[in-house]
Q: 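Take this structure, written in structure tokens, and hold onto it; I'll ask about it next.
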Amino acid sequence: MPNELEGRKIAILAADGVEMVEFERPRDTVHDAGGQTELLSLQAGDIDARNHDLEPAGTLTAQRAVADASVDDYDGLILPGGTINPDKLRKDEAAVNFVRDFVNSGKPVAAICHGPWTLVEAGVVAGRTLTSYVSIRTDLRNAGATVVDQQVCIDGNLITSRSPDDLPAFCQAIVDRFANTPAHT
């Protein structure tokens, strides 16, 4: 259905080093389903994207600094990966607080690849079941999560996936979960 997400506004939180495909595919999926997205970052303005962590992939423009954003303005949150991006986010107090508040709000949060690193820093993975890129699974376990190796894992309001190879399943889960969340007013 092309309008499953009509009236829904989804935040995408990313910083320099974001994996371009993990930003673009979910964003395009939300748009194709009739939803809107807003890119948040550590500050408004351009951020550098990457392909495979190392290759420059152009710039993206963040519309708003995460410190100026409110969970109440959005119906869902997407945390793309890349190793540099979540490492920068997890060092920023405003980003970590935003992610923690979003998870605690009960609204859906979708994180792919290294994106769950920010969930770890926000202290919201203990007792939850998640998946991620293989290299951060020990971090998830150490933070109290149960880790599974599957394309997409849904635990309450958390949606996680392992890598760009899982984007089709991840994007479908995003639409399914975001469509079943009442639109913000």
Q: Which heavy atom of A179 sits nearest a heavy atom of R8, and at what distance?
A: O-NH2, 3.1 Å
Q: Crowded around E93 CD? As in, over 12 foreign heavy atoms under 6.0 Å?
A: no
Q: Report, one line per pair, each donor and acceptor closer than 3.5 Å where one atom sits in a side chain of residues 22-31; sequence neighbours left out.
A:
unit_1 : atom_1 : unit_2 : atom_2 : d
E22    : OE1    : G81    : N      : 2.8
T29    : OG1    : R25    : O      : 2.8
H31    : NE2    : T37    : OG1    : 2.7

Q: For a 4.5 angstrom cut-off between non-hydrogen side-chain atoms, does L89 reach L13?
A: yes
Q: For a 4.5 angstrom cut-off between non-hydrogen side-chain atoms, does V21 reach L167?
A: yes
Q: What are the two closest heavy atoms between D46 and D16, and how far apart are they?
A: O-OD1, 4.5 Å
Q: Output, in order, the C-alpha distance, side-chain angles, deciding distance and verdict of salt bridge (charged side-chain N to carboxylate O under 4.0 Å, His left out) for E38 and R64.
A: CA-CA 8 Å; E38 184 170 62; R64 190 186 307 192; 3.5 Å; yes
Q: Given the rule that I, L, V, M, F, W and Y join up when any side-chain heavy atoms are under 4.5 Å apart, are F102 and V124 in one cluster?
A: yes
Q: Can you name the nearest heavy-atom pair linking R128 to V103, along with the distance?
A: NH1-CG1, 4.2 Å
Q: Does any part of the side chain of D68, heavy atoms only, come nearer than 4.5 Å to the side chain of V66, both counted from C-beta?
A: no
Q: Got a sec: does the NZ of K107 have more than 12 other heavy atoms crowding it under 6.0 Å?
A: yes
Q: Scan side-chain atoms only and decide if N142 and R137 contain a donor-acceptor pair under the 3.5 Å cut-off.
A: no
Q: State, without any angle test, whether T83 and D53 hold a side-chain donor-acceptor pair at a distance under 3.5 Å.
A: yes
Q: Look at the aromatic rings of F98 and Y74 and report parallel, tilted or perpendicular, splitting at 30° and 60°.
A: perpendicular
Q: Does the side chain of V125 come within less than 4.5 Å of L130's, by heavy atoms?
A: yes
Q: Can you check salt bridge (charged side-chain N to carboxylate O under 4.0 Å, His left out) on D75 and K9, steps first, answer last?
A: CA-CA 6 Å; D75 303 301; K9 186 175 182 181; over 6 Å; no
Q: Quick one: does T129's side chain get under 4.5 Å of V148's, heavy atoms only?
A: yes
Q: More than 12 heavy atoms of other residues, nucleotides or ligands under 6.0 Å from CZ of R90: is that the case?
A: yes
Q: Determine yes or no for a side-chain-to-main-chain donor-acceptor pair under 3.5 angstrom, with N85 supplying the side chain and V18 the backbone.
A: no
Q: For residues 111-123, which side-chain donor-acceptor pairs fall under 3.5 Å, sequence neighbours excluded?
A:
unit_1 : atom_1 : unit_2 : atom_2 : d
H114   : NE2    : S135   : OG     : 3.2
W117   : NE1    : D139   : OD2    : 2.7

Q: Group every Ile, Leu, Val, Met, Phe, Trp and Tyr by side-chain heavy-atom contacts under 4.5 Å, then state whether V175 and V152 land in the same group.
A: yes
Q: Are any of the side-chain heavy atoms of D48 and P56 separated by less than 4.5 Å?
A: no
Q: Looking only at non-hydrogen atoms, find the nearest pair between Q151 and R162 and report the distance.
A: CG-NH2, 3.5 Å
Q: Should I47 and L40 be regarded as members of a common hydrophobic cluster, given that ILVMFWY residues are connected when their side-chain heavy atoms come within less than 4.5 Å of each other, either directly or indirectly?
A: no
